[in-house]
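Quick notes on the structure that follows.
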Amino acid sequence: MSAFERALHHRLEQQKSAGRYRRRRSQRDASVHTRINDRGMLTFCSNDYLGLATHPHVVEALCDGARQYGAGGGASHLVNGHQEIHDGLETQLAQWTGRERALLFGSGYQANLGVISALMSRGGHVVHDRLNHASLLDGTRLSGARLHRFAHGDLSGAAQALAGLSPDADRLLVSDAVFSMDGDCADVATLARLAERFDTPLMIDDAHGLGVLGANGAGTLEAQNVAADRVPILVGTLGKALGTQGAFVAGSHALIESLIQFARPFVYTTSLSPALAAATLAALDIVQTEPERRAHLHHLIQRFRRELLTLALPDITLMPSETPIQPLLIGSEQAAMALSKRLYEDGILCTAIRPPTVPPGQSRLRVTLSAAHTEADLDRLLDTLERCCRAVTS
Ligand SMILES: *Cc1c(COP(=O)(O)O)cnc(C)c1O
């Protein structure tokens, strides 16, 4: 074995002995009623909150889009990978979020790297909520700007961090709108007030709010009644409630033009598949015209919370959240893994989230609900959780 291979094996063994080795599981399709190893499985961990990944209209639009425009874009947006269907989707996304323009990216990860690295550089300062998504941290690292973190939700901590910065330095205040591992929401109006007070642009990543929150599904800003112009930089993803893949940044004409010039994760990558753009337009239409999907989802969320609390499961805390992300805080990695494994044996897939994704001692079962779940699916989750919890803790 070469020294290189030996080093790889050594590192993998360390990961295994730390109990942190991760494996993928192949499921048949993206539906909540799927199959794994040819066994029926009910899933409660997907981000496909409205069930659009397998919706017949979205799938048909994808097939039709591929026939009309091609499966792939063929080049980057600035060479000749940019098609009319991309313009159409960008226009709709801008309108939906109430902004002048929107710009498509290959993924939310790339969008966050792209925005922060385009806007910030060495000598700049980026102020983060401690629980911000990894891609926002990585974007800051890539930019070379200094990273400042305030305790989760501690807006006086945020004010302190901003007050400590030189007024001449480039600054950016960044937060998730819905925190992906906790399910709670940032107080966007207060963040906007702070940003205004310290004359700092505010960037909000609403990956988990768009499609789900607000009367029109336009996300956390709509739900919290925050005007679009108070959040100059909005990032949204297409792979969660919209059920497809990719992401977008929405904002002013000058912001979008700056990203087209300076965001390397936009410039140096193949354009989003035009077929996916067509599918996303179909998904966006459903999001805007079928509010009953959101109503059903919010009904399931409330039912889950109410009935889980009456079960009074031992050693489990339901975290405060009004979004489809409903984490059950367990604490130890081993206990969270054991519960996830018991559920799996009973045909329910809900993955345990553990360090380094969450801090040590805060391992959890991250339950996510979807409009594709039925009342009977929720009954089954609650029954199975009760049975498995008592078995694991007895
Ligand atoms: C999922 C997620 C991303 C990454 O989006 P992808 O399109 O999956 O790369 C970015 N930010 C937040 C808050 C997310 O939850």
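Counting starts at 1 for both ligands and their atoms, following the listed order. Note that the coordinates shown come from a computational prediction; the quantities given were computed from them, not determined experimentally.
Side-chain atoms of Leu194 and Leu155, non-hydrogen and from C-beta on, do get closer than 4.5 Å to each other.
At a heavy-atom distance under 4.0 Å, no atom of Leu238 approaches ligand 1. Only the side chain of His208 comes within contact range of ligand 1, with a heavy atom under 4.0 Å; no backbone atom does.
Heavy-atom proximity to Ser180, at under 4.0 Å, picks out these atoms of ligand 1: 15 (O). For ligand 1, the atoms sitting less than 4.0 Å from at least one non-hydrogen atom of Thr237 are 5 (O), 7 (O), numbered in the order shown with element in parentheses. Listed by number with element, the atoms of ligand 1 under 4.0 Å from a non-hydrogen atom of Gly108 are 4 (C), 5 (O), 6 (P), 7 (O), 9 (O). Atoms of ligand 1 found under 4.0 Å from any heavy atom of Asp205, numbered from 1 in the order shown, are 10 (C), 11 (N), 12 (C), 13 (C). Heavy-atom proximity to Asn112, at under 4.0 Å, picks out these atoms of ligand 1: 10 (C), 11 (N). Using a 4.0 Å cut-off to heavy atoms of Ser107, the atoms of ligand 1 that qualify are 7 (O), 9 (O). Annotation for ligand 1: atoms under 4.0 Å from non-hydrogen atoms of Tyr109 are 4 (C), 5 (O), 6 (P), 9 (O).
Considering both main-chain and side-chain atoms, Asp176 never comes within under 3.5 Å of ligand 1 through any nitrogen or oxygen pair.
Counting non-hydrogen atoms of other residues, nucleotides and ligands closer than 6.0 Å to CD of Gln224 gives a total above 12.
In this structure, Lys240 counts as a contact residue of ligand 1, since one of its heavy atoms falls inside 4.0 Å of the ligand. Not a single heavy atom of Ala247 sits less than 4.0 Å from an atom of ligand 1.
Of the charged side-chain nitrogens involved, none lies within less than 4.0 Å of a carboxylate oxygen, so that Glu386 and Arg380 do not count as a salt-bridged pair. We find that Arg303 and Asp379 are joined by a salt bridge, their nearest charged nitrogen and carboxylate oxygen being less than 4.0 Å apart.
Not less than 6.0 angstrom separates the ring centroid of His148 from the ring centroid of His128. Here the two rings, on Phe44 and His373, have centers that are under 6.0 Å apart.
Note that Arg39 lies in the cation-pi zone of Tyr344, set by a 6.0 Å cut-off to the ring centre and a 45° limit from the axis.
Cluster annotation: Leu89 is not connected to Phe105 through the hydrophobic network of ILVMFWY side chains, with a link wherever side-chain heavy atoms come within less than 4.5 Å.
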